[in-house]
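Labels below follow one simple rule: chain letters A, B, ... track the order of the sequence lines, proteins then strands, and each chain is numbered from 1.
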Amino acid sequence: MPRQILVTAALPYANGHIHLGHLVEYIQTDIWVRFQKLRGNRCIYLCADDTHGTAIMIRARQEGRSEEVLIADMQAAHERDFAAFDIAFDNYGSTNSPENRQLCGEIWQSIRAAGLVRAADVSQLYDPVAGTFLADRFVKGTCPKCGAADQYGDSCDKCGSTYSPADLINPTSTLSGTSPEVRSAAHLFIELEKLHAFLDTWTQSGNHLQPEIANYLKGHFLGEPLRDWDVSRPAPYFGFEIPDSPGNYWYVWFDAPIGYMASLRQWCDKTGEKFESWWPREGTINESAQPPTSNLQPPTSPEVHHFIGKDITYFHTLFWPGMLKTAGYQLPEKVHIHGFLTVNGEKMSKSKGTFVRAATYLNHLDPSFLRYYYASKLTPRVDDLDMNLEEFVAKGNADLVGKVVNLASRCAGFVKTTGLSARYPDDGGLFAHAAAEGEAIAAAYEECDYNRAMRLIMALADRANPFVEENAPWNLKKDPAQAARLQEVCTVALNLFRQLAVYLAPVLPRLAQQAGELFDRPITKWTDASEPLVDVPVRPFQHMLKRVTPEEVQKMIEESREEAAATTPAGLPLAPPVPSDTAQQDSAAALAAEPLTSECSIDDFAKVDLRVARILSAEDVPEARKLLKLTVSLGGDVKRTVFAGIKAAYQPEQLVGRLVIIVANLAPRQMKFGLSEGMVCASGPGGAEVYLLSPDNGAVPGQRVH
RNA sequence: GGGCCCGUAGCUCAGCGGUUAGAGCAGGGGACUCAUAAUCCCUUGGUCGGGGGUUCGAUCCCCUCCGGGCCUACCA
């Protein structure tokens, strides 16, 4: 009986673009979902953008647009990136959706009704200019203990002491630069301790969590009373207002996991499926805390599986089960937790160019290679995953191109006119052996041990190529009397190839598609690997995967470094990440250094004619302290001379050829060294810290910036 | 400061209380020419981080030290 499985990946935060770190999770999950579907289980993959919170509100303000516009743009970009990596969601929603608002309300009511909510005043620093309460990290001042200047609101880097931001001497808001005041506001708390017994049982029983996670929770959180969870934020806050507490909003981490359910509701509305049959309202402590089934009986109820990164463990293993339990919803069958991505053994680094956005990767490399590489490195454990770039190139080329695709590539040509033999020939047990390995491979996929699955599959490929070698079809071809034998040998080799394509289908859907097309027999189910294909035509072989080169990888790294250099002020510390899966939180220092100016109308903005321009030449102005003389093209014969104060930041030769944005209708200005006919757009405080703006690939000189 | 994880061949990793510790890649030698300079065969290479202990026997269990990573910080 097919299982019914609902799978989620963590909701990416709308504050940043998808990068290679995010993709570990979405690819890991996508592989698992594709595997389940291939096995004949009913499985859906749900996700959504996580859109609420202070960070979004601040960013929208910084960018001078509404939160809704910001999150819509980001969601479109996220979905584009996911699709390009063959990450196939059954539904992709948003936490800022009516479905989510309604579900939050329902669950909130249940928690209220269960008597788990209490109110308490929280004193926080408030920025009267920005009109918002300030999280600790948005306040800087002098340490009250040791007097060190410029310390964040929660602790001192110098002496290590911790304190409340209100204790800081001369506190300053990093948003507006003004001095914040202490204000008190009522917050709502969920008394998680009342669920302690349930959480003890749920986390430690069954197979809901990896052993190291269950152990971690036991030792770190469950060994003492659980603290109340502050789930409200006072206005202004971008999120949902709490219906029975006007002026207060649900904290982003309250509504984010409910977003899984909201996405399910959208999917149900789209497909006519019933919400209750995928996420039933049931599950008392006794039922849910026990292992769901014995070995004899397959589960009959739908399963909910969450895939998350280790940074958001406690939201998904304590708060979320607590919420579900209280609201009477079925609990997750399993929360699968993975580690972080490192590149060449180190944390991803913007300055080293190893902080690679999904879109940047796609400019240079094939998504299939990343899917395979991650698969070959993923285990069921919480360990970090290292992406060694040399290994990435070697492994993809050797395994996928050299071993797997090569089987088809070297044999398909011999049988393009005859097709495969009418009966499957004696192959010394090769096919049967690989078919028998299917269950071991499936077991590895099932438990997320993709590393083992890939090793098992490649071991099969390692048996297939020697078969071709021993039977040397290229020699058989020379003798017309051996035509039947030639066809047999190729029938074996091509079937072995197809078997590998089936086993790799969860990882490499495109390869499975191509393998299906080669014989005009689509690969649709796992058992396609257990029956050989016979008596079918073989279509002309077409390249299935292009080898990657170290140069392409290098270009990707270069581009990432340039992107980072254009966005990250050197020398300023990055604020720590917000508690969302691999999301980025930028420092507030830049905005504080130069607060926003007064608002302008769209008509005001339209007066400024920004254009894409290409730098044709750049030369030093020796007598000038800061200036370079640039000649830029606006396309055709239209050229401008611009003096730009970027000498300390750029070498003239590195500028030639690149695209920049210029203010094209700025009144010409006579300078000591000549007439400047425009202005090149750049950010940064000045000196060596000047960062030219670049358009994305595809922009051409002369285009106006709107 | 507390906690967790890791340290096995040049690299990435498997393994496991018990014959002589494995794989892929890289390196060396040879073969082949069908294939995306792919493939096949042979081969070099490890005091399983150091030191103690338990055991008939330890890479595996325990202690400790060293090194690396991550999390969290008047709490875990």
Side-chain angles (χ1 to χ4, degrees), chain A residues 136 145 154-157 159-164 167 210-227 309-314 318 337-347 366 373-374 376-379 381-416 444 449-459 461-478 486 489-490 493-494 497 541-549 576-577 579:
Chain A
D136 295 351
K145 297 269 169 55
D154 51 353
S155 67
C156 175
D157 286 344
C159 70
S161 61
T162 56
Y163 39 76
S164 140
D167 300 333
Q210 288 132 299
E212 60 264 50
I213 296 293
N215 201 26
Y216 163 76
L217 295 174
K218 190 178 182 178
H220 290 245
F221 293 98
L222 295 167
E224 60 174 43
L226 294 161
R227 278 167 289 170
K310 63 182 180 182
D311 53 331
I312 56 177
T313 295
Y314 66 92
L318 297 178
I337 302 177
H338 61 79
F340 296 141
L341 178 72
T342 57
V343 179
N344 289 340
E346 298 178 319
K347 233 170 151 171
D366 181 341
Y373 185 77
Y374 282 175
S376 75
K377 305 288 280 189
L378 278 164
T379 71
R381 289 180 295 279
V382 191
D383 304 341
D384 289 350
L385 185 163
D386 185 50
M387 178 166 182
N388 180 284
L389 294 173
E390 281 181 37
E391 188 196 24
F392 167 77
V393 172
K395 210 177 183 75
N397 287 340
D399 291 357
L400 298 182
V401 181
K403 284 180 187 168
V404 178
V405 173
N406 187 233
L407 273 174
S409 158
R410 66 193 309 198
C411 292
F414 294 126
V415 286
K416 62 186 173 207
D449 200 346
Y450 304 161
N451 165 272
R452 186 153 58 90
M454 296 308 107
R455 277 186 291 123
L456 289 169
I457 294 168
M458 286 310 142
D462 284 335
R463 291 168 145 244
N465 274 304
F467 171 86
V468 178
E469 210 71 30
E470 283 159 23
N471 289 280
W474 52 94
N475 287 335
L476 296 172
K477 189 189 169 200
K478 293 171 188 164
L486 173 64
V489 168
C490 294
L494 290 170
F497 161 72
F541 180 81
Q542 295 180 331
H543 270 28
M544 296 180 175
L545 280 170
K546 193 170 133 305
R547 309 177 76 79
V548 301
T549 65

- Item | With A/Y450 via side-chain hydrogen bond (donor to acceptor under 3.5 Å, both in side chains) - residues at least two apart | none

- B/rU20 to B/rC62 separation - C1' atoms, rounded to the nearest Å: 28 Å

- Return the value, rounded to whole Å, for the distance between atom CZ of A/R452 and atom C1' of B/rG24. 17 Å

- What's the CD-P distance between A/E390 and B/rG27, to the nearest Å? 11 Å

- Query: Whole Å only: how far is the CG atom of A/D399 from the P atom of B/rA23?
  - Reply: 16 Å

- Query: A/D311 CG to B/rA73 C1': how many Å, rounded?
  - Reply: 17 Å

- For A/V404 and A/A461, which heavy atoms make the closest approach, and how far apart are they? CG2-CB, 4.4 Å

- A/N397 (side chain) donor-acceptor with A/V548 (main chain) under 3.5 angstrom: yes

- Between B/rA26 and B/rC11 - P atom distance, rounded Å: 15 Å

- Note on the structure: Going 5' to 3' through nucleotides 33-44 of chain B and flagging B where a protein heavy-atom sits under 4.0 Å of the base, S where only the sugar-phosphate is that close, and - otherwise, we get SBBB-SBSS---

- Message: Check whether A/N451 reaches the backbone of A/S376 with its side chain - one donor and one acceptor, N or O, closer than 3.5 Å.
- Response: yes

- Using Watson-Crick and G-U wobble pairs with both distances under 3.5 Å, what is the 5'-to-3' dot-bracket string of RNA chain B, with [ ] for crossing pairs and | for pairs outside the strand? (((((((..((((....[...)))).(((((.......))))).....(((((..]....))))))))))))....

- In chain order, what residues pass the ring pair (Phe, Tyr, Trp, His ring centres under 6.0 Å) check against A/F221, with sequence neighbours excluded? A/Y216, A/Y314

- Item | Qualifying residues under side chain to side chain contact (heavy atoms under 4.5 Å, CB included), relative to A/K546, sequence neighbours excluded | A/E552

- Message: How many whole angstroms separate atom CG of A/L226 from atom P of B/rC75?
- Response: 18 Å

- Message: Restricting to non-hydrogen atoms, name the atom on A/F541 and the atom on A/V405 that form the minimum distance, rounded to 0.1 Å.
- Response: CZ-CG1, 4.1 Å

- Query: For atom P, what is the distance between B/rG69 and B/rG51, given to the nearest Å?
  - Reply: 24 Å

- Task: Nearest whole angstrom, please: distance from the P of B/rC25 to the CD of A/E391.
- Result: 12 Å

Between the protein and nucleotides 3-8 of chain B, list the N/O to N/O atom pairs that are separated by less than 3.5 angstrom.
from, atom 1, to, atom 2, distance (Å)
B/rG3, O2', A/H220, NE2, 2.5

- Item | Donor-acceptor pair present, A/R455 side chain and B/rC13 base, under 3.5 Å | no

- Residues at least two apart in sequence or cross-chain that pass side chain to side chain contact (heavy atoms under 4.5 Å, CB included) with A/R227, listed by chain then number, are none

- Task: Please identify each residue that fulfils side chain to side chain contact (heavy atoms under 4.5 Å, CB included) with A/N406, with sequence neighbours left out.
- Result: A/S409, A/R410, A/N465

- Task: Specify the separation, in whole Å, of atom CD1 of A/I457 and atom C1' of B/rA23.
- Result: 16 Å

- Message: Among residues at least two apart in sequence or on other chains, which ones pass ring pair (Phe, Tyr, Trp, His ring centres under 6.0 Å) with A/F497?
- Response: none

- For A/D386, all residues meeting side chain to side chain contact (heavy atoms under 4.5 Å, CB included), sequence neighbours excluded: A/T342, A/N388

- Looking across every strand, which nucleic acid part, if any, lies under 4.0 Å from A/K377 by heavy atom: base, sugar-phosphate, or nothing? sugar-phosphate

- Task: Calculate the interatomic distance between A/Y450 atom OH and B/rG24 atom C1'; express it in whole Å.
- Result: 21 Å

- For A/F340 and A/D311 the tightest heavy-atom approach is CZ-CB, 3.6 Å

- Task: Please report the shortest heavy-atom distance between A/L494 and A/L407, naming the atom on each side.
- Result: CD2-O, 4.4 Å

- Message: I'd like the P distance from B/rG67 over to B/rA21, given in whole Å.
- Response: 30 Å

- Message: Can you pull out every salt bridge (charged side-chain N to carboxylate O under 4.0 Å, His left out) where at least one residue sits in residues 449-459 of chain A? Sequence neighbours excluded, please.
- Response: A/E447-A/R452, A/D449-A/R452

Pairwise N/O distances under 3.5 Å, protein to nucleotides 68-70 of chain B:
from, atom 1, to, atom 2, distance (Å)
B/rC70, O2', A/K310, NZ, 3.1

